[in-house]
Number of protein chains: 2
Amino acid sequence: MRVEKTYSPKLSVDGVTVDRRDIEMLEAIDEHGSMHAAADALGRSYARLQNRVVEIEEAVGTITERKRGGSGGGGTVLTDTGRELRRRFERHDAELDGVARATESVVTGTVRDRTGELATVDTSVGPVMALVPEGAERVQVGIRSDAVVLTDPSEAPDPDRTSLRNRFRGTVERIESGDAIVRVTVALALEGADAGDDPDPDPDPVELQALITRASTDRLALEPGREVVASFKATAARATRIDAGGDESERA
Amino acid sequence: MRVEKTYSPKLSVDGVTVDRRDIEMLEAIDEHGSMHAAADALGRSYARLQNRVVEIEEAVGTITERKRGGSGGGGTVLTDTGRELRRRFERHDAELDGVARATESVVTGTVRDRTGELATVDTSVGPVMALVPEGAERVQVGIRSDAVVLTDPSEAPDPDRTSLRNRFRGTVERIESGDAIVRVTVALALEGADAGDDPDPDPDPVELQALITRASTDRLALEPGREVVASFKATAARATRIDAGGDESERA
DNA sequence: CGTCGTAGTATCTATGACGATACAACGCCG
DNA sequence: CGGCGTTGTATCGTCATAGATACTACGACG
């Protein structure tokens, strides 16, 4: 099952939500200086396009300066507000794109302590601090690979002096290199590996992926087999509830 | 202009993209044990619902076990694949939700060095390593607040031993407390504040927001005025291009 | 062997979004 | 003062999505 994470960014103002199509419209208007030219360039009808601009303006404010008559017949120019709206959207899109592309490591566990939206989740690699939805007991914790920090175990920062709440030892398992970005897969050390108490075979890979720069890979001299400390913030780890776990305790 | 960041999560498999509505459908089926009951509960028509299930199954595989006839007339049950699809979606949604809710700090600057998708951006607070789209020169760098790590300046980790590429000194400006999560706003120190060379007044707030746990706030003894080091990974900083900057160099 | 509640399928219709088209309003310019 | 190219507005047709409805197929159970 080859699943691809997708999304469609939107900005919601007052009642209207502007989507990518609207932003492309603004871009075309900005580029061509008139709504007719923009409509032609986009292969859209002028009427709809004009209506949409008015709709957005009713919620957002003046995003265009539209003139009819005059030299050249008039024209339409984006205002600063309009440009700001574009930039807002681009930033939002970039953020979401980051999430959709960064792989995610998943660990399952059960919620122990909880304070508000934050909780400690017991997993096979030890306790994990994460954001947990209300009332969840059995959860999957997702850790975004662009939020994982790798450090040299010899000079690991004092955990009391940073806001990095989650720290795990592990060994580098795999390194996949891109242009400037490298994806490092770390096999986490299981907690109490010799404990016969907990009969949880947990077939979880217990792998943690980290997206770091190639330069960092070199500085840390990372290579398969090397020991590292992987840390991430509690606010970058998000849990989702699992209803029935692996059990089919329904419809007996 | 009160803008709210929104999004709609989607999972794309083969040709079809399943959205939140599909997932809600699966949930209802799982809960009620039959597609008719699910359709009623959702206020949707059975026909469309049934068609949709088949469509998704053609791409994803068997997500339901549908039986007709038999005791009770039959029924529909989610398969493990179906449940897995649900969980995948929930995780994806949780990630995107994190992005939409975490505030973002924005710094503008110009691209200097670049290696692949990674580049150094010169800003008023110094160089920032970030992911930069191709061909961009003048950019806005967005830094997600849940990716910013705060550390005590006295015991700041050796930058050569971690994969945290961006480090900035600053002073705590504001602390907004939630239940368990605290938002800390850090005023970054400007680079070369006495330099008369660079006539860039840059009205940027040059503020960096960090989302950290309340416990971390206590351990670091954070309070307004206190000096801290704020760090974040290059892979967590994303730049978007600015076309004309503040200048209106078009349509003379 | 008929009943019942489900799955499966086909057809019609309502709705909304959008393109296509036509026409009025505007204002500078030759 | 008429022409031109724009904005603004109204109307119609088209298309896709989805609800409504009606019907068949299925299979355990009384």
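Naming convention: chains lettered A, B, ... in sequence-line order (proteins, then strands); numbering from 1 in each chain.
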Task: B:Thr79 side chain to B:Thr62 backbone, donor-acceptor under 3.5 Å - done: yes
Indicate whether the side chain of [X] and that of [Y] have a donor and an acceptor atom separated by less than 3.5 Å.
{"X": "A:Tyr7", "Y": "A:Asp93", "answer": "yes"}
{"X": "A:Gln209", "Y": "A:Thr103", "answer": "yes"}
{"X": "B:Glu57", "Y": "B:Thr64", "answer": "yes"}
{"X": "B:Ser8", "Y": "A:Ser8", "answer": "yes"}

Can you find a pair of side-chain heavy atoms, one from [X] and one from [Y], that are under 4.5 Å apart?
{"X": "A:Val60", "Y": "A:Asp14", "answer": "no"}
{"X": "A:Leu85", "Y": "A:Leu11", "answer": "yes"}
{"X": "A:Phe232", "Y": "A:Arg144", "answer": "no"}

TODO: Would you tell me if any nitrogen or oxygen in the side chain of B:Ser71 comes within less than 4.0 Å of OP1 or OP2 on D:dA28?
DONE: no
Open item on the list: Taking only side-chain N and O atoms of A:Ser34, does any of them lie within less than 4.0 angstrom of OP1 or OP2 on D:dG5?
Closed with: no
Within this structure, what is the [atom1]-to-[atom2] distance between [X] and [N], rounded to whole angstrom?
{"X": "B:Asp19", "N": "D:dA18", "atom1": "CG", "atom2": "C1'", "value": "14 Å"}
{"X": "A:Glu65", "N": "D:dT6", "atom1": "CD", "atom2": "C1'", "value": "15 Å"}
{"X": "A:Arg68", "N": "D:dC4", "atom1": "CZ", "atom2": "C1'", "value": "15 Å"}
{"X": "A:Ile29", "N": "D:dG8", "atom1": "CD1", "atom2": "P", "value": "10 Å"}

Open item on the list: Reading DNA chain C from 5' to 3', where do the contacts with chain A start and stop? Cut-off is 4.0 Å to heavy atoms.
Closed with: C:dC18 to C:dC28
- [ ] Name the residue closer to the 5' end of DNA chain C, choosing between A:Gly70 and B:Gly70 according to the nucleotide with the nearest heavy atom.
- [x] B:Gly70
- [ ] Name the residue closer to the 5' end of DNA chain C, choosing between B:Gly69 and A:Gly43 according to the nucleotide with the nearest heavy atom.
- [x] B:Gly69
TODO: Identify which one of B:Glu55, B:Arg86, B:Lys10, B:Arg52 satisfies the side chain to side chain contact (heavy atoms under 4.5 Å, CB included) criterion when paired with B:Asp22.
DONE: B:Arg52
Task: Interface residues of residues 46-55 of chain B with DNA chain C (non-hydrogen, below 4.0 angstrom) - done: B:Tyr46, B:Ala47, B:Gln50
